Number of protein chains: 2
Amino acid sequence: MDKQKKSNKQYGIKEIAKRANVSIATVDRVIHNRTGVAQKTKEKIQKIIKEIDYQPNLLASRLKSNKEFVLAVLIPKVSENTNFWEAPYNGILKAKEEIEKYGVIFKTFLFELSNKDSFMESAIALLDENVDGILMAPSFVKEAEQVVKIYEKEKIPYLFIDSNIAANGSITYIGPNLYHSGFVGAQLTKYVLHNEKDEILVTNISKTDTNIDNLKQIEKGFSDYITTNKIHNRLQSIAIKDGDYNQFKTELDSFLEINPNIKSIFVTNSRVFSIARYLKETNRRNITLIGFDFIAENVKYLKEGVIDFLICHKPEEQGYRGIMSLYHHLILMQKVEKTQFMPIDIVTKENCDFYPN
Amino acid sequence: MDKQKKSNKQYGIKEIAKRANVSIATVDRVIHNRTGVAQKTKEKIQKIIKEIDYQPNLLASRLKSNKEFVLAVLIPKVSENTNFWEAPYNGILKAKEEIEKYGVIFKTFLFELSNKDSFMESAIALLDENVDGILMAPSFVKEAEQVVKIYEKEKIPYLFIDSNIAANGSITYIGPNLYHSGFVGAQLTKYVLHNEKDEILVTNISKTDTNIDNLKQIEKGFSDYITTNKIHNRLQSIAIKDGDYNQFKTELDSFLEINPNIKSIFVTNSRVFSIARYLKETNRRNITLIGFDFIAENVKYLKEGVIDFLICHKPEEQGYRGIMSLYHHLILMQKVEKTQFMPIDIVTKENCDFYPN
DNA sequence: ATATCTTTCGGTAACGTTACCGATATAATT
DNA sequence: AATTATATCGGTAACGTTACCGAAAGATAT
């Protein structure tokens with residue numbers, strides 16, 4: 001249990017200085033390519049750096065230059081509609097705990113998922129705060145594209161989580177591959193269809209028209225799978241407005257009356273629990289239900305056996321990795337992957353207790 | 001984008017010394033409760049430490065005390081039978097890359113899964129190497145219990161990954177909850193059974209008798225699920241010896257001839273690919289196949305559609321978290337959870353490309 | 001009383017890096 | 001030729017902690 005001094009010695013700035021016959025100050029200058037070094041000296045030092053494969057000691061570096069980095073977090077509020085964003089926020093808090101001791105401070109800007117203006121407000125407000133990097137959920141495509149242009153002009157690095165937009169200035173995208181998530185939904189549906197006349201219902205439930213793009217991708221994945229796998233069961237697709245439950249109920253009642261062979265319902269967003277509530281209250285236990293996201297209401301119905309499968313994308317990890325990617329990019333100055341797809345997890349009644357959000 | 005000095009100031013050892021009217025050396029002594037401090041002084045300093053909620057600066061601490069820590073890794077070789085252990089080892093390498101810059105060095109001791117003696121040899125050999133902590137796979141229960149006693153006598157901390165044994169001296173256990181994994185297998189089986197006379201086969205395939213305990217737990221979970229969910233399909237359980245494929249084939253041929261209604265096969269370990277090969281070659285595509293572990297051969301058959309579901313436990317992360325837990329425990333001296341169950345992941349043809357091993 | 005030991009504590013170099021301050025040499029300007 | 005500007009570089013304090021060395025004071029033994 002006794003410790004020895006390092007044997008496999010890592011050379012430092014001092015060794016470089018000795019070999020190049022200059023002071024450590026000069027070495028420091030070329031490492032951070034500051035001005036004031038003759039070209040010849042510079043090249044000589046750079047050569048030695050490569051030779052000994054110099055790796056800066058991050059401990060010492062961060063200890064000395066004890067600077068603050070300000071990270072902005074721009075994500076939706078936990079709303080009455082869905083507490084989906086609780087999970088990414090928890091991941092962010094976890095990352096925060098891990099790195100704030102290294103002088104990173106956080107400023108959070110929340111917006112309402114039902115309100116584009118509130119998104120714009122927060123996205124702009126953040127500019128006054130002198131932030132060094134931004135983690136954002138580009139929930140409103142058009143608006144996000146606008147603000148991103150401003151961030152680029154101000155030279156503030158940013159990244160996206162949960163959903164992506166076409167902006168190749170972003171450090172990275174961290175979130176699901178929605179098209180393939182549709183595949184998985186369709187595959188699971190395939191297993192629960194037992195005969196030819198069983199019918200499938202694909203639906204999305206929403207109040208406002210956010211993220212239409214996302215839903216379209218999932219639906220496309222779903223129907224492409226059905227087509228390429230030659231599944232001939234009838235497939236219908238409807239959109240249901242969420243709001244008053246009674247209205248919701250009448251809408252479904254009449255639909256299922258006209259279509260009594262619906263055997264499986266696939267909901268393309270996290271509002272599955274609404275359907276689950278309906279199925280439970282109307283006692284339609286022969287319909288299997290598949291949807292998205294590990295949120296409390298969904299898990300409740302999953303455990304009761306009303307929801308059969310939840311497809312999830314590690315929301316907490318999205319937040320965590322978002323912050324860590326910012327940290328790696330702009331503090332440690334390491335390379336980060338341009339897109340980081342999350343796993344497409346299948347959660348059931350039996351494995352949900354072991355699902356690490 | 002400019003950086004300011006820290007505002008929310010963290011007090012250090014110097015501030016404590018000033019307030020207690022002693023030198024920083026004395027403060028250091030009580031922090032590491034070394035000897036040579038009068039009781040009164042000690043208490044005074046401890047009070048101040050609590051008051052200002054002193055958090056040691058890990059950067060400075062690790063920078064100064066630049067000690068080597070030696071970690072031993074005791075896991076099975078990647079064998080010709082299964083390359084399952086490639087994944088945990090990759091996780092270990094990943095963790096290694098991350099922390100070896102902080103003076104952690106690794107010594108790897110491999111053993112053969114088919115040979116208890118080779119396990120004991122490696123487990124003992126490691127004692128000569130003056131290691132500070134051990135990550136081990138206790139693949140042989142009896143033998144592991146023995147060596148663990150030695151480790152405890154030598155006061156070398158250790159932890160288990162992949163499978164657990166009754167040794168409460170371990171830092172932590174990182175691995176699956178096998179009983180619940182059996183549940184998940186059974187649940188998936190339930191979905192693929194379409195009528196009453198479909199029959200289920202549960203089997204394990206092995207050369208030697210390693211980890212019988214593990215298999216038993218999975219089987220128990222499986223059958224308990226079947227019982228409690230009142231699934232009345234007939235269930236049979238057999239053990240198949242792996243080795244010569246022809247013998248394997250005749251064994252299965254005769255079994256399936258006697259039992260033509262087998263609709264679903266559940267394999268309790270990673271050798272599913274053997275059954276998959278058989279099903280493919282004999283063209284029995286109407287039997288669904290469920291098994292364990294994300295290894296190359298299994299994934300191949302998963303993509304071909306021969307295997308329907310793979311249940312996995314993030315083997316790579318097991319290795320990664322194993323090393324990181326050692327690091328946290330004995331270098332950072334932080335608390336680690338006593339058991340860390342891995343998620344029970346369901347991998348299919350459609351989501352396997354996004355499965356982070 | 002002197003010598004020796006023990007307890008308690010302070011001073012301080014060092015870890016590898018950063019960045020400021022100023023020194024020296026060379027070039028440009030008057 | 002004297003002055004000023006510029007390019008190039010070295011010296012060094014500091015970041016917060018660790019741990020060694022020895023000082024001072026008190027306790028014990030001779």
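Side chains included, hydrogens not; waters and symmetry mates left out as well; all remaining heavy atoms used. Just so it is clear, the model here is predicted, and its values are computed rather than measured. By convention in this document, chain letters (A, B, ...) are assigned in the order of the sequence lines, proteins followed by strands, and residues within each chain are numbered from 1.
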Sequence-distant partners of B:Ala144, side-chain contact (heavy atoms from CB on, under 4.5 Å), two or more places apart: B:Phe119, B:Met136, B:Pro138, B:Ile165
Counterpart residues, side-chain contact (heavy atoms from CB on, under 4.5 Å), relative to B:Gln146 (two or more places apart): B:Met120
Euclidean distance, atom CG of residue B:Asn57 to atom P of C:dT17 [Å, nearest integer]: 16 Å
Length of the CD-P vector between B:Gln55 and D:dT17, whole Å: 11 Å
Salt bridge (charged side-chain N to carboxylate O under 4.0 Å, His left out) against B:Lys149, all qualifying residues, sequence neighbours excluded: none
Below 3.5 Å between N/O atoms, which protein atoms pair up with nucleotides 6-11 of chain C? Just atom names and distances, please.
from   : atom 1 : to      : atom 2 : distance (Å)
C:dC9  : OP1    : B:Thr41 : OG1    : 2.6
C:dC9  : OP2    : B:Ala38 : N      : 2.5
C:dC9  : OP2    : B:Thr41 : OG1    : 3.3
C:dC9  : N4     : B:Arg29 : NH1    : 3.4
C:dG10 : OP1    : B:Ser23 : N      : 3.3
C:dG10 : OP2    : B:Ser23 : N      : 2.8
C:dG10 : OP2    : B:Ser23 : OG     : 2.9
C:dG10 : OP2    : B:Thr26 : OG1    : 2.5
C:dG10 : N7     : B:Arg29 : NH2    : 2.8
C:dG10 : O6     : B:Arg29 : NH1    : 3.2

Distance test, side-chain N/O of A:Lys14 to OP1/OP2 of C:dC15, below 4.0 Å: yes
Distance in angstrom units between B:Ile49 CD1 and D:dT17 P, rounded: 11 Å
Distance in angstrom units between A:Ile31 CD1 and C:dT17 P, rounded: 7 Å
Salt bridge (charged side-chain N to carboxylate O under 4.0 Å, His left out) against B:Lys14, all qualifying residues, sequence neighbours excluded: none
Side chains of residues 42-53 of chain A: which donor-acceptor partners sit under 3.5 Å, not counting sequence neighbours?
from    : atom 1 : to      : atom 2 : distance (Å)
A:Glu43 : OE2    : A:Gln39 : NE2    : 3.1
A:Lys44 : NZ     : A:Ala20 : O      : 3.2

Atom-pair distance (CZ on A:Arg34; C1' on D:dA7), nearest Å: 17 Å
Rounded distance (Å) that lies between atom C1' of C:dC15 and atom CD of A:Glu15: 16 Å
Length of the line joining A:Ile13:CD1 and D:dC9:C1', which is rounded to integer Å: 14 Å
Distance below 4.0 Å between B:Ser61 side-chain N/O and D:dG16 OP1 or OP2: no
Side chain A:Gln318, main chain A:Asp162, donor-acceptor under 3.5 Å: yes
Closest listed nucleotide, where the reference is the side chain of A:Asp28 and the choices are C:dT18, C:dT17, C:dA13: C:dT18
Qualifying salt bridge (Lys or Arg N to Asp or Glu O under 4.0 Å) pairs with a residue from residues 16-34 of chain A, counting only residues at least two apart or across chains: A:Glu15-A:Lys18, A:Glu15-A:Arg19, A:Asp28-A:Arg34
Short side-chain N/O contact from A:Tyr54 to OP1 or OP2 of C:dG16, under 4.0 Å: no
Nucleotide nearest A:Pro56 when distance is taken to its side chain, options D:dT18, C:dT18, C:dT17: C:dT17
Value in whole Å for how far the P atom of C:dT17 lies from NZ of A:Lys64: 13 Å
With sequence neighbours excluded, residues passing ring pair (Phe, Tyr, Trp, His ring centres under 6.0 Å) with B:Tyr173: none
Bending between helix ends of the helix from C:dA1-D:dT30 to C:dT29-D:dA2 [5 pairs per end, 10° resolution]: 60°
Any donor-acceptor N/O pair, A:His328 side chain to A:Met324 backbone, under 3.5 Å: yes
